[in-house]
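Presented below is the structure to which this report refers.
Since the structure is predicted, the reported quantities are computational estimates derived from the model, not experimental observations. In what follows, chains are A, B, ... by sequence order, proteins preceding strands, each numbered from 1.
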There are 2 protein chains.
Amino acid sequence: MITLQQAEIRSGIIKAMAHPARLMIIEYLKAGTKPFSDVFGLFNLDKSTVSKHLLVLKGAGIVSSRKEGPDMMYTLEVPCITDFFGCVTAVIENNVRRQQICLCQERPAK
Amino acid sequence: MITLQQAEIRSGIIKAMAHPARLMIIEYLKAGTKPFSDVFGLFNLDKSTVSKHLLVLKGAGIVSSRKEGPDMMYTLEVPCITDFFGCVTAVIENNVRRQQICLCQERPAK
DNA sequence: TTTCCTGATGGTCAATATACCAACAGACCA
DNA sequence: TGGTCTGTTGGTATATTGACCATCAGGAAA
């Protein structure tokens, strides 16, 4: 059985992924190292907000950064992270099947 | 590229995992269906707190519940979730290697 | 030097998450 | 009918998160 301390460390990593913007950043960096400006361009968010999201991912060890000329380059350190999304998708599909959530439209009132 | 809507749905699942107690519950239920009382016994937490954690996991579709006699039985619906922990462990080990965190003891002051 | 350009940091505020205790609800037993 | 066992729900207090704006810091260009 996993200890509470182990669970806390793990949840630190998972918390870092638990935000839509950060998931999008992870997906985006899967294609390779990108400059901050490209990541920023994905969102309608303040620069500071995007910077902080990247800081969270960096703090968790999921991405790394390195200065390159005027740009700050961000790299996904642990690509296996994205393998997990397959399972998350399985959860979502299972939920849809069980009609716990519906992505298409409301069910007609009975 | 993943859409914002997809990212929001995914992050809902991941948020549900992003708590030490809920990670421990997931690990625990990997061994099979268990009654509430067993899950409760893992923690020094109020009954209501454990019940709410289970509700979060259930809401995300990660576990399901079913009444069995006097007990409420909880089942892990998506065992692939735990495969992910291998990657999380890889992140942690990478962090340790890079000395971003240290599980053993403080480095001597230089 | 002064002026950009790039991105990080600090402050603040609203929303969310998480814990506890207390009270409740359903099933079964006395 | 009341008591007990099981787990859930409601209320509340506190901590954390995430957004914005404003400001700052470092390097390149004028």
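Along DNA chain D, the nucleotide closest to A:Asn44 and the one closest to A:Gly69 are compared, and the more 5′ of them pairs with A:Asn44. Along DNA chain C, the nucleotide nearest to B:Lys47 and the one nearest to B:Lys52 differ in position, and the one closer to the 5' end is contacted by B:Lys52.
Rounded to a whole Å, the CG atom of A:Asp46 is 10 Å from the P atom of D:dA19. For B:Leu55 and C:dT16, the CG to C1' distance is 16 Å, given to the nearest whole Å. Summarising the geometry, the separation between CE on A:Met72 and C1' on C:dC5 is reported as 14 Å, rounded to the nearest angstrom. Note: CG (B:Leu23) to C1' (C:dT18) measures 15 Å, nearest angstrom. Between the CG atom of A:Asp71 and the P atom of C:dC4 there is a distance of 20 Å, given to the nearest Å. In this structure, A:Leu57 atom CG and C:dA8 atom P are separated by 12 Å, rounded to whole Å. Rounded to whole angstrom, the span from the CD1 atom of B:Ile25 across to the P atom of C:dT18 amounts to 12 Å. The interatomic distance linking A:Lys34 (NZ) with C:dG7 (P) rounds to 14 Å, in whole Å.
Taking a 4.0 Å limit (strictly below) on heavy-atom distances, residues 13-20 of chain A does not reach DNA chain C anywhere.
Under the 30°/60° scheme for interplanar angles, the aromatic rings of B:Phe84 and A:Phe84 are found to lie parallel.
Between the side chain of B:Lys58 and the base of D:dG7 there is no donor-acceptor pair of N/O atoms closer than 3.5 Å. At a cut-off of 3.5 angstrom, the base of D:dG7 holds no donor-acceptor pair with the side chain of B:Lys67.
With a 4.5 Å cut-off on side-chain heavy atoms, B:Met72 and B:Tyr74 count as touching.
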>> Using side-chain contact (heavy atoms from CB on, under 4.5 Å), reason through B:Glu77 and B:Val63 one step at a time and then give a plain yes or no.
In response: CA-CA 5 Å; B:Glu77 279 292 303; B:Val63 310; 5.6 Å; no
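Contact annotation: A:Tyr74 reaches the phosphate of C:dA8 (side-chain N/O to OP1 or OP2, under 4.0 Å). Residue B:His53 places at least one side-chain N or O under 4.0 Å from the OP1 or OP2 atom of C:dA19.
Side-chain polar atoms of B:Ser64 and B:Lys58 form no donor-acceptor pair below 3.5 angstrom.
Base contact: A:Ser48 has a heavy atom under 4.0 Å from a base atom.
When the side-chain contact (heavy atoms from CB on, under 4.5 Å) test is applied to A:Pro35, the partners found at least two apart in sequence or on another chain are A:Ser37, A:Asp38, A:Asp71, A:Met73.
Salt bridge status for A:Glu27 with A:Arg22: absent, with no side-chain N to carboxylate O gap under 4.0 Å. Salt-bridge formation is not detected for the pair B:Arg10/B:Glu8: no Lys NZ or Arg NE/NH1/NH2 atom is positioned less than 4.0 Å from an Asp or Glu carboxylate oxygen.
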